[in-house]
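Small disclaimer: the values here were computed from a predicted structure and weren't measured. In what follows, every heavy atom counts, from backbone to side chain, and hydrogens, waters and symmetry copies are set aside.
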Amino acid sequence: MTTRLTLTTLAQAIVLPCLSRRTGKPCRSSITRQLLLAEAAGNPHLVGCLDSQGRVHRTTVRDVLSVQRRLVLHAEALGGAGRVWRELDALPPAAFSLDGSGSPYTFVSLGSRDAVELIGAWPSPSGDITAMLRPICGMLISATDSVIPPFRQIGHLWPHGDFARPSGSLVLSFARRPGVLFAAKYPLELAAKVIVRNRTAWGEAWEPEAPTDANRRSAELMAAQYKPRPHVPLTTELLREAAQTKPVEDLGEWWHDCAIWHPAGSPRWRNGHNRSGVLVSNDDPGLRHLFVTKDCGNSASLTVR
């Protein structure tokens with residue numbers, strides 16, 4: 001039972017997977033600079049967020065693992081009769097278990113102004129595969145990896161709130177970019193669906209392998225030039241400290257610079273062909289493997305669609 005609701009304002013906007021306002025199922029990604037944190041048994045957990053218009057959304061992730069130091073600017077307790085409470089209570093609950101215990105994946109977000117253009121692929125139930133180059137902020141990474149690179153890319157958050165398979169396998173460095181701002185457990189039930197969907201499309205070996213010693217050495221060399229920013233747990237003590245700071249007054253003006261712009265005419269491939277109908281080259285292993293799929297039968301043979 002929620003006994004306290006805290007509105008937390010961030011220094012930078014992040015992107016979160018959110019639920020349908022009608023069904024309670026994952027259906028969208030939302031840019032947010034304000035988190036709704038509930039406290040039950042003395043521990044804060046994420047229950048929702050506010051978008052740029054101030055609308056309330058329930059989030060797919062609940063258990064926050066860490067935030068980048070100094071990300072939280074201000075926190076304030078909300079009265080139980082306020083608009084935000086009413087909007088949150090009016091939304092349907094999650095149509096799945098939010099429990100992240102034992103989940104193999106962690107959700108992380110970059111700042112919305114620091115989106116990285118990356119290729120991801122999405123398999124349809126009919127067996128078609130669509131790959132696109134998109135600006136990405138939200139990612140699934142392996143739960144055994146640190147939020148400080150190197151870490152394995154498991155999924156890219158797409159606008160519909162689910163995760164495409166990345167074309168790449170590892171992130172070694174964000175160079176001069178701030179890197180990961182926010183990390184939370186990804187619910188086990190949803191992680192299982194990602195695994196089943198991707199195994200059906202690409203077979204058992206779709207997940208990237210763990211970073212090698214050479215990968216770690218490369219990441220350490222890059223980290224020596226661009227020192228990663230530390231993370232801290234999101235605790236009640238951190239929220240109490242943030243409650244002592246002044247409220248943020250420039251949210252209205254600040255939002256215009258937070259949108260993730262998707263350029264028109266960005267590269268897109270369907271079943272291995274680009275918009276002009278040209279087949280992906282065998283000399284492009286960074287893209288071709290997304291269209292090498294498992295047969296629908298019981299055999300382990302591979303086909304190019």
TODO: Please answer whether the main-chain N or O of Ser266 pairs with a side-chain N or O of Arg275 as donor and acceptor at a distance below 3.5 Å.
DONE: yes
Open item on the list: Determine whether a donor-acceptor pair (N or O, by modelled atom type, separation under 3.5 Å) exists between the side chain of Thr60 and the backbone of Pro17.
Closed with: yes
Hey, does [Y] have a side-chain heavy atom less than 4.5 Å from the side chain of [X]?
X	Y	result
Arg229	Leu181	no
Leu140	Pro166	no
Thr212	Arg217	no
Leu78	Leu36	yes

Open item on the list: Hydrogens and angles aside, do Ser142 and Thr144 bring a side-chain donor and acceptor to less than 3.5 Å of each other?
Closed with: yes
- [ ] Decide if the gap between the ring center of His289 and the ring center of Trp202 is smaller than 6.0 angstrom.
- [x] no
Working to the nearest 0.5 angstrom, can you tell me the gap between [X] [atom1] and [Y] [atom2]?
X	Y	atom1	atom2	value
Leu5	Glu39	CG	CD	9.5 Å
Arg69	Leu238	CZ	CG	9.5 Å
His273	Arg268	NE2	CZ	13.0 Å

Open item on the list: Counting only heavy atoms from other residues, nucleotides and ligands, does the tally under 6.0 Å from CD of Glu209 exceed 12?
Closed with: no
- [ ] Mind telling me whether Tyr186 and Phe163 have parallel, tilted or perpendicular rings, with 30° and 60° as the class edges?
- [x] perpendicular
Task: Reference residue Ile136; test side-chain contact (heavy atoms from CB on, under 4.5 Å); the match among Leu157, Leu110, Leu118, Val15 - done: Leu118
- [ ] Please assess Phe182 against Val64 for the test side-chain contact (heavy atoms from CB on, under 4.5 Å), listing each intermediate value before the final yes or no.
- [x] CA-CA 8 Å; Phe182 171 94; Val64 182; 3.8 Å; yes
Task: Salt bridge flag under 4.0 Å for residues Arg86 and Asp89 - done: no
Task: Option among Lys25, Lys193, Arg197, Arg28 that satisfies the salt bridge (charged side-chain N to carboxylate O under 4.0 Å, His left out) test with Asp162 - done: Arg197
